[in-house]
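Presented below is the structure to which this report refers.
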2 protein chains.
Amino acid sequence: MHDHSGLIHSAEAHAADEGALKKLSALFKVFGDLTRMRILYALSSTEMCVCAISEYLKMDQSAVSHQLRVLKNHRLVASRREGKTVYYRLDDDHVGSIIRQGYEHVSEAE
Amino acid sequence: MHDHSGLIHSAEAHAADEGALKKLSALFKVFGDLTRMRILYALSSTEMCVCAISEYLKMDQSAVSHQLRVLKNHRLVASRREGKTVYYRLDDDHVGSIIRQGYEHVSEAE
DNA sequence: CTATTATATGAACAACAATTCATATGAACG
DNA sequence: CGTTCATATGAATTGTTGTTCATATAATAG
């Protein structure tokens, strides 16, 4: 094996704590699903009830509920109840920023 | 079913093209893995060869190679060859920005 | 050409995650 | 209370993805 202790030390010097990287990848994993991304995008214009989301996305109400729970667990969306209806909305200023940064990357020339 | 055509129209009004959302979620999916996140973080301080990365992360060389390919396919890293050795580095200004935005989210008070 | 070192790749396997289906909870109303 | 509508949840299933193992390519030296 060739020597590269220099590079490794350099990397270790600013070693991030594993915990932060774990949280980070877990967060991005939530964004890394088309269904959830579509939900987030839908909510970026207005709050919506579960019923409306599933109708809009033409998806099973149950599937949407499951994904909303994931989003909520990661504090990306919040909800309020009004009678039988539950309205969801984006719950963090960063949500928009993160998506926008990603968008800049994917929209670059091939 | 209760009526919410208003909400749906509002969402449809600014409807993103499905393609962009697909690309977006695919991009975030790449960030959504601890191994890849660790590689990206390691490379944020300096370029490294595959050998050094796998030693630093204490991972199989093959596993690292596989993940580097994923990262490269999404243009998140680039490589240069020097003899037998291949050095990888980050390949987009957005990579850092995206990770930083995510970091702000996860580092918020519980 | 052969041997050696660094990296890449294909196939198989194991772990995980998204959807579906059935059913449960929770609110409003008669 | 019983019914209806909106949402939530658990279990089963199916699809996807990361790692491992074996092997291939690529470069350099002898």
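We name chains A, B, ... by the order of the sequence lines, and we start the count at 1 in each one. Hydrogens, waters and symmetry mates are skipped; everything else that's a heavy atom, side chains included, is used.
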Correct closest heavy-atom pair for B:M48 and B:L43 would be N-CD2, 3.8 Å
Within this structure, what is the NE2-to-P distance between A:H4 and C:dT7, rounded to whole angstrom?
-> 7 Å
Take A:E104 and B:S97 through the side chain to side chain contact (heavy atoms under 4.5 Å, CB included) test and state the conclusion after the steps.
-> CA-CA 11 Å; A:E104 284 185 36; B:S97 318; over 6 Å; no
Hey, is the side chain of B:Y88 poking within less than 4.0 Å of OP1 or OP2 on C:dA6, counting only N and O atoms?
-> no
Would you kindly say whether B:S62 and B:D60 are connected by a side-chain donor-acceptor distance under 3.5 Å?
-> no
Could you pull out the closest heavy-atom pair between A:H105 and B:H74, with the gap in Å?
-> NE2-O, 3.1 Å
Among B:I39, B:V30, B:L40, B:I53, side-chain contact (heavy atoms from CB on, under 4.5 Å) partner for B:Q67 = B:I39
Phosphate contact (C:dT7 OP1 or OP2) by B:R69 side-chain N/O below 4.0 Å = no
What is the distance from CG of A:L68 to P of D:dT7, rounded to the nearest Å?
-> 10 Å
Stretch residues 59-67 of chain B: residues that reach within less than 4.0 Å of DNA chain D through a heavy atom = B:M59, B:D60, B:S62, B:A63, B:H66, B:Q67
Distance in angstrom units between B:R80 CZ and C:dA6 C1', rounded = 14 Å
Of all the choices, D:dA26, D:dA6, C:dA17, which nucleotide is nearest to the side chain of B:R81 once you look at every atom?
-> D:dA26
Spacing of B:E47 atom CD relative to C:dA6 atom P, expressed in whole Å | 17 Å
Gap between atoms CD and C1', on A:E55 and D:dA6 respectively (whole Å) | 13 Å
Nearest to side-chain heavy atoms of A:T35, which nucleotide of C:dA6, D:dA8, C:dT19 | C:dT19
Select from B:C49 and A:V70 the residue whose nearest nucleotide in DNA chain C is closer to the 5' end of that strand.
-> B:C49
Rounded to the Å, how far apart are A:N73 CG and C:dA17 C1'?
-> 14 Å
Examine C:dA18: is either OP1 or OP2 under 4.0 Å from a nitrogen or oxygen in the side chain of A:R36? Give yes or no.
-> yes
How close or far is atom C1' of C:dT19 from atom NZ of A:K58, stated in whole angstroms?
-> 18 Å
For A:D91 and A:V77 the tightest heavy-atom approach is CB-C, 3.4 Å
Determine: side-chain N/O of A:K84 to OP1/OP2 of D:dT4, distance under 4.0 Å, yes or no.
-> no
For B:C49 and A:H4, which heavy atoms make the closest approach, and how far apart are they?
-> SG-CD2, 3.7 Å
Within this structure, what is the CG-to-P distance between A:D33 and D:dT17, rounded to whole angstrom?
-> 10 Å
